[in-house]
Enquirer: 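Could you have a look at this structure, given as structure tokens, before my questions?
A, B, ... follow the sequence lines: proteins, then strands. Residue 1 opens every chain. Quick note: numbers below take in every heavy atom, side chains included, and nothing from hydrogens, waters or symmetry partners. Computed from a prediction, not measured in an experiment: that's the story for all the values here.
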Protein chains: 2
Amino acid sequence: MAKTKIAEIESCCSSVLTTTLSEQEAVDLARGYAALGDPVRLRLLSMIASAGECCSCDLEAPLGKSQPTISHHTKALAEAGLIVGEKRGRWMWWTIVPDGVLALRQALAP
Amino acid sequence: MAKTKIAEIESCCSSVLTTTLSEQEAVDLARGYAALGDPVRLRLLSMIASAGECCSCDLEAPLGKSQPTISHHTKALAEAGLIVGEKRGRWMWWTIVPDGVLALRQALAP
DNA sequence: TCCTCCTATTGACATCCGTCGATACATTTG
DNA sequence: CAAATGTATCGACGGATGTCAATAGGAGGA
């Protein structure tokens with residue numbers, strides 16, 4: 001909980017628009033935005049967020065993509081720190097990582 | 001000015017996290033985030049924002065990229081609606097489009 | 001144990017993307 | 001007009017990426 005607050009404060013102070021980014025900062029942030037730079041991944045994130053929690057198998061049909069493709073995209077979002085998965089029985093349940101999204105949001109703050 | 005306010009209000013109501021995105025909304029938003037998904041473009045945006053206004057020729061050296069590459073990236077950011085260029089004499093001056101950045105920021109609002 | 005179901009990984013393919021040299025365009029200056 | 005300068009476009013190359021069929025891994029049920 002304390003860590004969350006610190007992360008929030010820090011991300012507040014490193015906006016793309018108010019400070020000139022270093023090479024490393026740019027690489028890290030770009031990785032996050034790149035994860036959002038695909039329509040399928042955006043809808044995936046949207047569905048998980050709206051549902052609060054979502055199982056992989058429920059994402060295939062609405063998006064019209066194959067199972068490997070969905071798995072590929074969930075992995076990409078997870079590696080970007082935007083979602084996290086928990087295996088329960090045979091099912092993989094995905095939830096949003098608020099801090100991950102927040103960091104990308106704050107980086108665009110004026 | 002009134003238009004700006006409307007845009008702000010509208011973008012407030014269509015967050016990725018609170019509504020399930022349609023195919024078209026996802027495609028449009030993804031285009032914007034994809035524009036941010038490159039370290040060079042992020043630093044470019046950052047430099048333009050920090051300087052308030054920036055000429056193409058001043059972006060090459062700090063980023064260590066060739067002139068065609070810089071031109072390529074400024075075009076990408078411009079087509080994403082994040083910067084706009086104005087030609088004055090031989091020089092191209094770039095400025096941030098606040099509404100463009102705002103839309104991407106608001107789309108990540110909780 | 002064997003079968004079924006959900007997920008992850010692999011391999012392959014087509015496409016997109018970042019990069020730069022060469023070149024064309026546009027504008028100022030001599 | 002001619003030369004110089006800043007910018008955009010073209011062509012090409014290597015690497016990254018989205019997609020799916022096939023396959024492997026893993027957990028629960030008959």
Enquirer: Considering only dT7(C), dA22(C), dT9(C), which nucleotide approaches the side chain of Pro68(B) most closely?
Expert: dA22(C)
Enquirer: Identify which nucleotide among dA8(C), dT4(C), dT9(D) has an atom closest to any side-chain atom of Thr74(A), counting heavy atoms from C-beta outward.
Expert: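 From the listed options, dA8(C) comes nearest.
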Enquirer: Any donor-acceptor pair under 3.5 Å linking the side chain of Thr95(B) with the backbone of Gly52(B)?
Expert: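 The answer is no, because no donor-acceptor pair under 3.5 Å joins these two groups.
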Enquirer: Can you tell me the distance, in whole Å, between the CH2 atom of Trp94(B) and the P atom of dG6(D)?
Expert: 17 Å
Enquirer: Please tell me if His73(B) has a side-chain N or O lying less than 4.0 Å from either OP1 or OP2 of dC17(C).
Expert: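 Negative; the distance criterion is not met.
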Enquirer: What contact category does Lys87(A) fall into here, base, sugar-phosphate, or nothing, at under 4.0 angstrom with non-hydrogen atoms?
Expert: nothing
Enquirer: What contact category does Arg88(B) fall into here, base, sugar-phosphate, or nothing, at under 4.0 angstrom with non-hydrogen atoms?
Expert: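 No contact.
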Enquirer: Using heavy-atom distances to pick each residue's nearest nucleotide on DNA chain D, tell me which of Trp91(A) and Glu60(B) is more 5'.
Expert: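 Looking at DNA chain D, the more 5' nearest nucleotide goes with Glu60(B).
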Enquirer: For a quick check of understanding: with a heavy-atom distance under 4.0 Å over all strands, which category does Ser56(B) fall into, base, sugar-phosphate or nothing?
Expert: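 Contact class for Ser56(B): sugar-phosphate only.
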Enquirer: Rounded to whole angstrom units, what separation is found between the CD atom of Gln67(A) and the C1' atom of dC20(D)?
Expert: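 It is 10 Å, rounded to the nearest whole Å.
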Enquirer: Within the structure shown, what part of the strands sits under 4.0 Å from His72(A) by heavy-atom distance: base, sugar-phosphate, or nothing?
Expert: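 Base contact - His72(A) has a heavy atom under 4.0 Å of at least one base atom.
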Enquirer: Return the value, rounded to whole Å, for the distance between atom CE of Met92(A) and atom C1' of dG25(D).
Expert: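 Value for this atom pair: 14 Å.
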Enquirer: Tell me whether the OP1 or OP2 atom of dC20(C) has a side-chain N or O from Thr69(B) closer than 4.0 Å.
Expert: yes
Enquirer: Among dA8(D), dA27(D), dT5(D), which nucleotide has an atom closest to any side-chain atom of Arg90(A)?
Expert: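 The nucleotide sitting nearest to the side chain is dA27(D).
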Enquirer: When the nearest nucleotide of DNA chain D is assigned to Arg41(A) and to Gly89(A) on a heavy-atom basis, which residue is associated with the more 5' position?
Expert: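 Nearest nucleotide further toward 5': that of Arg41(A).
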Enquirer: Nearest-Å distance, CZ (Arg43(B)) to P (dT19(C))?
Expert: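 Atom-to-atom, Arg43(B) to dT19(C), this comes out as 12 Å.
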Enquirer: Please answer whether the main-chain N or O of Met47(A) pairs with a side-chain N or O of Ser50(A) as donor and acceptor at a distance below 3.5 Å.
Expert: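 Not confirmed, Ser50(A) side chain does not pair with Met47(A) backbone.
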Enquirer: Please report the distance, rounded to the nearest Å, between CG in Leu63(B) and P in dC20(C).
Expert: 11 Å
Enquirer: Report yes if some heavy atom in the side chain of Leu82(A) is under 4.5 Å from a heavy atom in the side chain of Leu104(A); otherwise report no.
Expert: yes
Enquirer: Could you tell me the separation between the CG atom of Leu77(B) and the P atom of dA8(D), rounded to a whole number of Å?
Expert: 13 Å
Enquirer: Looking at dT19(C), I'd like to know if its phosphate oxygens (OP1 or OP2) sit under 4.0 Å from a side-chain N or O belonging to Lys65(B).
Expert: yes
Enquirer: Measure the distance from CG on Leu36(A) to P on dT17(D) and round it to the nearest whole Å.
Expert: 14 Å
Enquirer: Keeping the roles fixed (side chain from Thr19(B), backbone from Ser15(B)), state whether a donor-acceptor pair exists under 3.5 Å.
Expert: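 Indeed, once roles are kept as given, a pair shorter than 3.5 Å links the two residues.
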Enquirer: To the nearest Å, how far apart are Asp58(B) CG and dT7(D) C1'?
Expert: 13 Å
Enquirer: Among Arg41(B), Arg43(B), Lys65(B), which one satisfies side-chain hydrogen bond (donor to acceptor under 3.5 Å, both in side chains) with His73(B)?
Expert: Arg41(B)
